[in-house]
S.K.: 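Okay, handing you the structure first.
All values below were derived from every heavy atom in this structure, side-chain atoms included, with hydrogens, water molecules and symmetry-related copies excluded. The chains referred to below are lettered A, B, ... by the order of the sequence lines, with proteins before strands, and numbering in each begins at 1.
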There are 2 protein chains.
Amino acid sequence: MASLETTVGKLRGLGYKATPQRLAVLEALSAEQHQSMEELRGRCPGVGLVTMYRTLDLLCETGLVRRLDLGAGPRYELAEDHHHHMICESCGGVSEFEECPVDTRSLTNMGFEVNAHSLEVYGRCAGCVEGGRR
Amino acid sequence: MASLETTVGKLRGLGYKATPQRLAVLEALSAEQHQSMEELRGRCPGVGLVTMYRTLDLLCETGLVRRLDLGAGPRYELAEDHHHHMICESCGGVSEFEECPVDTRSLTNMGFEVNAHSLEVYGRCAGCVEGGRR
DNA sequence: CATTAGATGAAAATATTTTTCAATTACGTA
DNA sequence: TACGTAATTGAAAAATATTTTCATCTAATG
Ligand SMILES: [Zn+2]
Ligand SMILES: [Zn+2]
Ligand SMILES: [Zn+2]
Ligand SMILES: [Zn+2]
């Protein structure tokens with residue numbers, strides 16, 4: 001849970017200006033994880049669409065934000081901690097889990113230099129299983 | 001490595017017609033894994049764009065094909081075996097590995113019913129590491 | 001406060017995907 | 001084999017999504 005100030009500091013440190021638009025996007029991102037462009041736009045009235053795209057691109061390139069594919073268009077989230085997503089195929093809900101169930105040592109042993117990984121788990125959430133929802 | 005006939009048989013079994021267009025798309029898919037729409041189109045001259053989209057949608061819905069996001073637009077591959085992808089951030093190459101390094105038992109224990117998962121590993125391939133490519 | 005490289009946004013261009021609907025066809029049945 | 005029909009196709013248009021352009025503006029520096 002790095003504060004917004006810390007994140008802005010990193011941006012500045014990389015030579016980027018801390019514009020009101022960028023602050024607004026970061027603010028929007030901190031409201032909720034894995035939001036769509038449309039949701040973020042709703043939280044950033046006053047920020048032009050092009051700037052939204054450019055800002056999110058910049059934040060992704062600098063590693064401050066992750067672009068996700070959970071099955072229905074791009075989603076974005078602050079890249080604060082390492083976690084993964086469970087997507088419920090009944091209700092569409094997305095939840096996160098922190099415990100990383102991936103072991104990439106065998107890839108390293110094969111000569112691949114692992115920088116990052118992304119894992120998505122699909123199924124039915126506890127609520128849908130109990131409620132008998134298909 | 002199921003043969004095309006087997007795959008077509010599954011389609012028929014589900015009540016879908018085995019049209020020349022569908023056969024062409026399956027043929028194209030069997031030429032190479034994780035192809036883009038553009039690549040598949042190149043292998044299916046004579047199949048209209050709309051039919052390409054519809055056929056790939058159908059194949060994904062029936063589980064015969066997987067739609068992938070490896071970072072640069074959708075890619076498609078026959079869903080024959082369970083495997084994952086390593087994406088080299090230097091040369092852009094995509095390679096597959098069969099040994100699954102994911103253990104989802106802890107999610108099951110939490111009440112989530114796991115149906116499937118997808119894992120992508122990002123880094124540098126052996127070739128790029130040795131060649132010193134950044 | 002002046003300077004300036006970097007940033008913004010409106011409009012246009014491009015790319016991607018979906019919808020519509022009339023024409024065609026695969027396939028079961030006679 | 002011929003027929004009937006529901007499923008399928010594809011051209012065009014529409015809808016969506018993303019990128020490019022370029023004139024204007026501004027954050028940061030001194
Ligand atoms: Zn659910
Ligand atoms: Zn992980
Ligand atoms: Zn490589
Ligand atoms: Zn796996």
Side-chain angles (χ1 to χ4, degrees), chain A residues 4-29 34-62 64-77 92, chain B residues 4-29 34-62 64-77 92:
Chain A
L4 270 198
E5 289 75 46
T6 309
T7 310
V8 174
K10 286 182 191 170
L11 259 194
R12 278 221 178 80
L14 289 166
Y16 297 106
K17 293 180 179 174
T19 66
Q21 290 89 343
R22 285 173 181 166
L23 298 183
V25 171
L26 284 171
E27 189 92 40
L29 284 163
H34 41 83
Q35 293 181 75
S36 65
M37 173 63 78
E38 194 182 332
E39 289 171 313
L40 289 169
R41 283 246 281 165
R43 288 195 155 90
C44 299
V47 178
L49 177 57
V50 182
T51 298
M52 293 296 294
Y53 276 108
R54 280 190 295 221
T55 302
L56 289 167
D57 280 354
L58 175 68
L59 294 172
C60 286
E61 275 162 24
T62 57
L64 296 168
V65 161
R66 270 189 296 262
R67 189 192 314 265
L68 309 172
D69 177 37
L70 305 178
R75 305 229 146 210
Y76 301 87
E77 69 179 16
Chain B
L4 271 196
E5 289 76 46
T6 310
T7 310
V8 174
K10 285 183 191 168
L11 261 193
R12 277 222 179 80
L14 289 166
Y16 297 106
K17 293 181 179 175
T19 67
Q21 290 89 342
R22 285 172 181 166
L23 297 183
V25 172
L26 284 171
E27 189 92 40
L29 284 163
H34 41 83
Q35 292 181 74
S36 65
M37 173 63 79
E38 195 182 330
E39 289 171 313
L40 289 169
R41 282 245 283 165
R43 289 196 155 92
C44 298
V47 177
L49 178 56
V50 183
T51 299
M52 293 296 296
Y53 276 107
R54 280 189 295 221
T55 302
L56 289 167
D57 279 355
L58 174 68
L59 293 172
C60 287
E61 275 163 24
T62 57
L64 296 169
V65 162
R66 272 190 296 264
R67 190 191 315 264
L68 309 172
D69 176 38
L70 306 178
R75 304 230 149 210
Y76 302 87
E77 68 178 18

S.K.: Please check this pair: side chain of A:T51 against backbone of A:V47, looking for a donor-acceptor N/O pair closer than 3.5 Å.
M.R.: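 Not a single qualifying donor-acceptor pair exists.
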S.K.: Among D:dT20, D:dA28, C:dC27, which nucleotide has an atom closest to any side-chain atom of B:A18?
M.R.: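 Taking heavy atoms from C-beta onward, the closest nucleotide is C:dC27.
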S.K.: Between C:dA7, D:dT8, D:dT9, which one does the side chain of B:Y16 approach most closely?
M.R.: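 Shortest atom-to-atom distance from the side chain points to D:dT8.
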S.K.: Among the candidates C:dT25, D:dA17, C:dT17, find the nucleotide nearest to the side-chain atoms of A:Y53.
M.R.: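 Nearest to the side chain of A:Y53 among the choices is D:dA17.
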S.K.: Return whichever of B:V50 or B:R12 has its heavy-atom-nearest nucleotide of DNA chain C closer to the 5' end.
M.R.: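 The residue whose closest nucleotide sits nearer the 5' end is B:V50.
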S.K.: How many whole angstroms separate atom CG of A:L49 from atom C1' of D:dA17?
M.R.: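 My rounded result for the distance is 9 Å.
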S.K.: When the distance from CE of A:M52 to P of C:dT8 is rounded to whole Å, what number comes out?
M.R.: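 Rounding to the nearest Å, CE of A:M52 and P of C:dT8 are 11 Å apart.
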S.K.: Could you state the CG-C1' distance from B:L14 to D:dA7, rounded to the nearest angstrom?
M.R.: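 Spelled out: CG on B:L14 to C1' on D:dA7 is 15 Å.
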S.K.: Of the listed nucleotides (C:dT19, C:dA7, D:dT9), which one gets closest to any side-chain atom of B:T19?
M.R.: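 So the nucleotide nearest the side chain must be D:dT9.
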S.K.: Between D:dT8, D:dT18, D:dG10, spot the one nearest the side chain of B:K17, thanks.
M.R.: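 In terms of side-chain proximity for B:K17, the closest of D:dT8, D:dT18, D:dG10 is D:dT8.
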S.K.: Are side-chain heavy atoms of A:R41 and A:M52 found at a separation under 4.5 Å?
M.R.: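 Yes. Closest side-chain heavy atoms under 4.5 Å.
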S.K.: Determine whether a donor-acceptor pair (one donor, one acceptor, N or O, separation below 3.5 Å) exists between the side chain of A:R54 and the base of C:dG6.
M.R.: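 Answer is no: no donor-acceptor pair is held.
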S.K.: For A:V8 and A:A18, work out which heavy atoms get closest and say how close.
M.R.: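 So the minimum-distance heavy-atom pair works out to CG1-CB, 3.8 Å.
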S.K.: Out of A:H34, A:Q35, A:E39, which residue meets the side-chain hydrogen bond (donor to acceptor under 3.5 Å, both in side chains) rule with A:R75?
M.R.: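 The passing option is A:E39.
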